[in-house]
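Working notes, beginning with the structure itself.
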Amino acid sequence: MSSIKYFGYAICAAALAFASCSEPASTTPGGDDKKLVLSADRTEITSDGTDKVTFTVKYDGEDVTATAEISNVTDGAAVTDHAFTTDKEGTYEFIATYEGVESNKVTVKAEPLSGLVLEVDKETIVNNGEDVATFTVTYSGQDVTAQTVIVNLTNGERWKEGVHTFTSTTSGDYEFKASYEDMTSNTVKVAVTVEASNPLVLTATKPRIVPDGTDATSFKVMYEGEDVTAQAKIKNLETGEYLESNSFSYNGTAKVVQFEAEYEGATSAPINVGFGDFYKNVLLYRFTGTWCSPCTAFGPVLNAAVESYPDRLVQVAVHKNDEYTPADYHDFASYFVESVVPAIYFDYDAEGPGSAAASMSSNDIVNTIKEYQADGAKVGIAISSTVDAGRNAKVTVRVTPSEAGSYLLGVMLLEDGIVGAQSGTTNYVHDNTLRTLATPFGGESLGELTENTEVVKEYTFSLKGYTDDCHIVAFVNTGTANDYVTTNAAACPVNGTTDYRFETGE
């Protein structure tokens, strides 16, 4: 009898021992055996208020992090955005709950700051490539910046020893750490923001009117998206006088009159109201490649032409067979039927100059620009663009014809300031590099338009993979897919405005 009793005790002891070695399953009150598992990408962080641990929650193998609740058991606080950071050293425990199921516990240790401390003089800078954040590194109170290596954790870039300044043309949040004599510092964050646009915006319902004293335009004033026309003051910059209403007509000899709005201490950018021909820009497609040595030689010739005859050319660099070749390249290649670079084409004229560009002088290029400019512009183009927090460029293009007809609008994103390879050079800067189109190659149809009737179109470009040093090009074509003709073009920064322009004869 006693042997049976002891045998029973042995079975119970073995069962208890087995249970103590196994991870208990989290279950619902109803007996569901599905397990909820909480895990962390790190178990130790520095208590600097920025270093963080990120959690993942899986329920029966499925990722439910986005909907699970994670709690800091140590202080009872909820964890937001499934990440934890603290400026207080100590040991912290966390659990997750999901559909009534409670997870395992995860322990995270927040270590005190070491003797190596990284500091920055600006936590926010502007994305203009000129605003500078300067870092300082101290060890036990002594400045060791010159002997320190700083790492940009966001892009993995490891700076040279002693480099301690940061600028950027790409908006976003960046994290940095410093290392010195096998020690690692705290983490420091720097936010790169987009330059703020003017919150006060003035527009004219008709940017072009007949100067007969009866044809009129009216104005609209927006402040941070709110219509404040009734409260704003509108100034005629030619006379210096304020309008008595938001309407304007003209009977005079000027080619264009500028206006600006004032509201609660803010002043808008000036806009133009014109009475004659729209300003004509010539659109240039330049075919090139980083592997092309004649393209390298042609660049200074083109630049000299633009310098001697400025402000008439909207350039688009179309790369062939290199890392900058756009996805739309085949559309350009099939239309212009050009296999040799460098090659240039003006206003969608597929007849040339083409590859003859390699033998052109700067004077030749200027004379060619003037020939296409002489055709004049049948439409005016205005562009405005803003970059949001998600690095999306939201673009508004306004087109007003001075001549009734059928038109097509093309809109594209170009990137500037790309430092990269170019045959025969080092540290070459690529500008006007075509990245992508928001419209078909020859433009999207605007239909039949009547004179002086404005059409407004909106587009969005993602800047992911590009810097903020980009701009928008809009062009208006006539014709068909086999024979387009560009009547006008305009360019605008991704965070800026370009208003209608008019010929003044100057």
Taking every non-hydrogen atom, the tightest pair across Ala191 and Asp173:
CB-OD1, 3.5 Å
So, applying ring pair (Phe, Tyr, Trp, His ring centres under 6.0 Å) with Tyr285, which one of Phe336, Tyr335, Tyr345, Phe346 is it?
Phe336
Taking NZ in Lys52 as the centre, count heavy atoms belonging to other residues, nucleotides or ligands within less than 6.0 Å. Is the count above 12?
no
How far does OG of Ser385 sit from CD of Glu458, to the nearest 0.5 angstrom?
11.0 Å
Just checking Arg42: does its CZ atom have more than 12 heavy atoms from other residues, nucleotides or ligands closer to it than 6.0 angstrom?
yes
Donor-acceptor pair, side chain of Asn128 and main chain of Glu130, under 3.5 angstrom
yes
If you draw a 6.0 Å radius around CD in Glu62, do more than 12 non-hydrogen atoms from other residues or ligands fall strictly inside?
no
Nearest-0.5 Å distance, CZ of residue Phe166 to CD1 of residue Ile125
5.0 Å
Considering all heavy atoms, the nearest Thr325-Lys320 contact:
OG1-C, 3.4 Å
Check whether Thr165 reaches the backbone of Thr134 with its side chain - one donor and one acceptor, N or O, closer than 3.5 Å.
no
State, to 0.1 Å, how close Val301 and Met360 come at their nearest heavy-atom pair, and which atoms those are.
CG1-O, 3.5 Å
Taking all non-hydrogen atoms of both residues into account, name the closest pair between Leu283 and Ala489 and its distance.
CB-CB, 4.1 Å
Does NZ or CZ of Lys370 come closer than 6.0 Å to the centre of the six-membered ring of Tyr309, within 45° of the ring's axis?
yes
May I ask you to check whether over 12 heavy atoms, not counting those of Asp81, lie within 6.0 Å of atom CG?
no
Looking at Glu503 and Lys255, does any basic side-chain N land under 4.0 Å from a carboxylate oxygen?
no
Value for CD (Glu195) from OG (Ser171), rounded to nearest 0.5 Å, stands at 11.5 Å
Sole candidate of Tyr372, Tyr484, Phe332 that passes ring pair (Phe, Tyr, Trp, His ring centres under 6.0 Å) when paired with Tyr348
Tyr484
Looking at Tyr279, is Arg312 sitting on its ring face, NZ or CZ under 6.0 Å from the six-membered ring centre and within 45 degrees of the normal?
yes
Aromatic ring pairing Tyr500/Phe278, orientation class (parallel under 30°, perpendicular over 60°, tilted between)
tilted
Working to the nearest 0.5 Å, report the span between CG of Asp469 and CD1 of Ile418.
8.5 Å
Heavy atoms only: give me the nearest Pro342-Pro294 pair and the separation to one decimal.
CD-CB, 3.7 Å
Smallest heavy-atom separation, Val120 atom then Val188 atom, equals CG1-CG1, 3.4 Å
Between Asp347 and Lys280 (salt bridge meaning N to carboxylate O under 4.0 Å), is one present in this structure?
yes
Looking at Lys394 and Asp388, is there a salt bridge between them, counting it only when a charged N and a carboxylate O are closer than 4.0 Å?
yes
Salt bridge (charged side-chain N to carboxylate O under 4.0 Å, His left out) evaluation trace for Arg501 with Asp311:
CA-CA 12 Å; Arg501 300 179 66 188; Asp311 201 25; 2.7 Å; yes
Give a yes or no on whether the backbone of Ala491 and the side-chain of Thr498 come within a donor-acceptor separation of less than 3.5 Å.
yes
Given the rule in the side-chain hydrogen bond (donor to acceptor under 3.5 Å, both in side chains) test, do Asn477 and Thr486 qualify, once you have shown the distances and angles that lead to the verdict?
CA-CA 4 Å; Asn477 281 344; Thr486 304; 2.7 Å; yes
With a 3.5 Å cut-off and sequence neighbours excluded, list the donor-acceptor pairs that the side chains of residues 146-157 form with protein atoms.
from: Thr148; atom 1: OG1; to: Val144; atom 2: O; distance (Å): 2.6
from: Asn152; atom 1: OD1; to: Thr154; atom 2: N; distance (Å): 3.0
from: Asn152; atom 1: OD1; to: Asn155; atom 2: N; distance (Å): 3.4
from: Asn152; atom 1: ND2; to: Asn155; atom 2: OD1; distance (Å): 3.4
from: Thr154; atom 1: OG1; to: Glu175; atom 2: N; distance (Å): 2.9
from: Asn155; atom 1: OD1; to: Glu157; atom 2: N; distance (Å): 2.9

State whether the side chain of Asn432 and the backbone N or O of Ala317 hold a donor-acceptor pair below 3.5 Å, judged by distance alone.
no
Reported CG-to-OG1 distance for the pair Leu200 and Thr267, which is rounded to 0.5 angstrom:
7.5 Å
Looking only at atom types and distance, does a side-chain atom of Thr450 sit under 3.5 Å from a main-chain N or O of Thr453, one as donor and one as acceptor?
no
Test your reading of the model: is there a side-chain donor-acceptor pair from Glu371 to the backbone of Val366, 3.5 Å cut-off?
no
To the nearest 0.5 Å, tell me how far Arg435 CZ sits from Ser462 OG.
12.5 Å
Criterion side chain to side chain contact (heavy atoms under 4.5 Å, CB included) on Val57 and Tyr59, from CA distance to verdict
CA-CA 7 Å; Val57 186; Tyr59 184 53; over 6 Å; no
Pair Lys235, Glu262 - check salt bridge (charged side-chain N to carboxylate O under 4.0 Å, His left out), show working.
CA-CA 8 Å; Lys235 180 187 283 189; Glu262 299 174 3; 3.8 Å; yes
